[in-house]
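Note that this is a predicted model, so its numbers are computed, not measured. Chain letters run A, B, ... following the sequence lines, proteins first and then strands; every chain starts at 1.
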Amino acid sequence: MTDSDKPTNFIEQIIGDDLSSGKTSKLVTRFPPEPNGYLHIGHAKSICVNFGLAESFAGECNLRFDDTNPEKESDEYVQSIIEDVKWLGFNWNGEIRYASDYFGQLYQWACDLIDQNKAYVCELNADEMREYRGTLTEAGKESPFRNRPATESRALLEQMKAGEIAEGSMTLRAKIDMASPNINMRDPVLYRIKRIAHHRTGDKWNIYPAYDFAHGQEDAIEGVTHSICTLEFAANRPLYNWFIENLDVPSTPSQYEFGRLNINYSITSKRKLKQLVDEGHVEAWDDPRMPTISGLRRRGVSPQAIRNFCDSLAVAKTDGVVDMAQFEHFIRDDLNNNARRAMCVLKPLLVTFTNYDQSELFTASSHPQRDDLGSRELHFDRQIYIDQSDFSEDTTLSRKKFKRLVLGEYVRLRGAYIIRADEVIRDADGEIQEIKASVIENTVGADAPEGIRPRGVIHWVSALNSVDCTINLYDRLFNQALPDAGEGSFTDHINPDSLKVIEGCKAEVSLANIKPSERYQFEREGYFCRDSKAENLVFNCTIGLRDNWKA
RNA sequence: UGGGGCGUGGCCAAGUGGUUAAGGCAUCGGGUUUUGAUCCCGACACUCGGAGGUUCGAAUCCUCCCGCCCCAGCCA
């Protein structure tokens, strides 16, 4: 699908109009995360929207950290976000921006507002402020400090800034309208005292600007023309505009909101993802089960798959829940097109050939449809492993129902011989230990001879030339489509079997030294990549192959 | 409840008064295949939250009703 096939969404229409009317000469957007956690798939949509818009309208997109609350933020988060945006393949305009770089200007604007009599230092505490704010149906009451002289507010704000005032005892508030039907307009807090070090400004500041007082002005400073955020900020827009109108800002940005991404069986809330990490439900932010960018990366999902998925999503004002299957489709689609093929046996069953005692090297293509991906060598010896699930003694199984190896029958070994299972060897407990089998001569790369009908094709690996590995199989992290819905906590719906570790798997030797960034399809099993943290050979299952047959 | 926003197939959606109501995912049939994958064909909304109304003509305009989401942090 090309861009021209895609209908334009409402934001593209607005931008198009603004560009053609001359209201906007060059589009500037921004992706403005708060560095208080790792980025997740929901952010990926926002990133794709903002950077994508800039790309398609020949504009620019800034990367800006909205670091106005030092309590929750850290440099670790800053670094992870930078890495994730880069990994997704986007290039931001110029240097990375930080709200904290604008603290001085923001403070100046706060003083200007006081001088205009549009802001005041308020001494109501949090509880009192809540009471004065009123409710959804009742107007609020004006603060007793609302009409204090500007000079007094200026002096008090200076003291707050200097660290002379206790946390929680004073705030700087805008003087707007305590009876506004929009609660955000009822004298919102502009500055609050936090005598805490900031990860970038250290202890320079004792007061920090609130989101509403910062965001629009940051956009204005950077010349952002279209400030695109998610729906929950819609009620903040009048306030955003109020600051733009009442302050001497260098440009006039406009805010537009679209529906954030929700995916079933998953969670797209930084706060909740942090909880999963903090409470040890997952290993870390980059646990392969996490919907974080870093988790998806470690899981083996490609940046292109994430981008294709995000591009398939609507930019609209509806807030729906996208089916995980839609994401999985794009993961598989990209991997199918680009992942090299290899073989790995998860549950090895030894097969010994009684009529073969050589060692051969076969060449197998790395991809059935892409010659450019080259080929690899396959060791074939007198002993191989097949998967336990690919063998059955039940000769009554129909050919349609079981396309694998059955005692006394034939099967094709992928890229190698057709073989016949002749005998089952059991251990003392009666468990199948080994299969004695025969190789059918001259069947490599050749059609089955007359009278021999293999039931199907199975994967295998040489028992003499293979590498041991461990495989992590994942299931969805939550066993409920909407972990957030209903009573109780989302953590009540964590799937206890989301990780299955399989030891003693056997992989073809070409897999011994691959890098985590190389993604493979293990034929007939799924897509895998090497884990980036494990020292041994560990593969994470990104996603299984589609499975259309009904057992 | 005051304000803001949203309701089109199982899911995501296009649709901007005249189209046989796009497309993708999922699902179900069938074909190809040395991966039960891929690929290819085909099926899948007389109807757009509901009820009225305007109009030659309505998913699109009007009225009323119903449902869902967001806002009462010194979070973002």
B:G73 base / A:Arg192 side chain donor-acceptor hit below 3.5 Å: no
A:Lys403, nearest nucleotide to its side chain (from B:G36, B:U38, B:A26): B:G36
Of the listed nucleotides B:C12, B:U35, B:A76, the one nearest the side chain of A:Thr68: B:A76
Side chain A:Glu523 and base B:U34 donor-acceptor under 3.5 Å: no
Watson-Crick or G-U wobble partner of B:U54, both distances under 3.5 Å: none
Sugar-phosphate, base or nothing in reach of A:Val315, heavy atoms under 4.0 Å: nothing
Among B:A37, B:C25, B:C71, the nucleotide that comes nearest once only the side chain of A:Gln369 is considered: B:A37
Any N/O donor-acceptor pair, A:Arg412 side-chain to B:U34 base, under 3.5 Å: yes
Sugar-phosphate, base or nothing in reach of A:Arg341, heavy atoms under 4.0 Å: base
Most 5' of A:Ala314 and A:Pro32 on RNA chain B, judged by nearest nucleotide: A:Ala314
Base partner of B:G42, which must satisfy Watson-Crick or wobble distances under 3.5 Å: B:C28
First of A:Leu231 and A:Glu167 reached from the 5' end of RNA chain B, by closest nucleotide: A:Leu231
Nearest listed nucleotide, side chain of A:Ala325, among B:A26, B:A37, B:C12: B:A26
Residue-phosphate contact under 4.0 Å: A:Thr318 side-chain N/O, B:A13 OP1/OP2: yes
Aromatic plane relationship, A:Phe327 with A:Phe309 - under 30° parallel, 30 to 60° tilted, over 60° perpendicular: tilted
Basic-acidic side-chain contact under 4.0 Å: A:Glu34, A:Lys72: no
N/O donor-acceptor pair, side chain A:Glu525 with base B:U35, under 3.5 angstrom: no
Residues A:Asn308 and A:Gln304: side-chain donor-acceptor under 3.5 angstrom: yes
A:Lys317 side-chain proximity, nearest of B:A76, B:C71, B:C6: B:C6
Among B:A76, B:A37, B:G2, the one nearest A:Asn336 by side-chain distance: B:A37
Nearest to side-chain heavy atoms of A:Gln326, which nucleotide of B:C25, B:U1, B:U34: B:C25
Listed nucleotide nearest any side-chain atom of A:Arg133, set B:A72, B:G24, B:A76: B:A72
Short side-chain N/O contact to B:G36 OP1/OP2 from A:Lys400, under 4.0 Å: no
Geometric class of the A:Tyr208/A:His198 ring pair [parallel <30°, tilted 30-60°, perpendicular >60°]: parallel
Touch class at under 4.0 angstrom, heavy-atom based, for A:Thr443 against every strand present: base
Given B:C75, B:U35, B:U38, the nucleotide with the shortest approach to the side chain of A:Asn548: B:U38
A:Tyr211 ring over B:A76 six-membered base ring, under 5.5 Å and 30°: no
Paired nucleotide for B:C68 [Watson-Crick or G-U wobble; both distances under 3.5 Å]: B:G5
Proximal nucleotide (of B:C11, B:A72, B:C75) relative to the A:Asp323 side chain: B:C11
Mutual orientation of the aromatic rings belonging to A:Phe522 and A:Phe539 [parallel < 30°, tilted 30-60°, perpendicular > 60°]: perpendicular
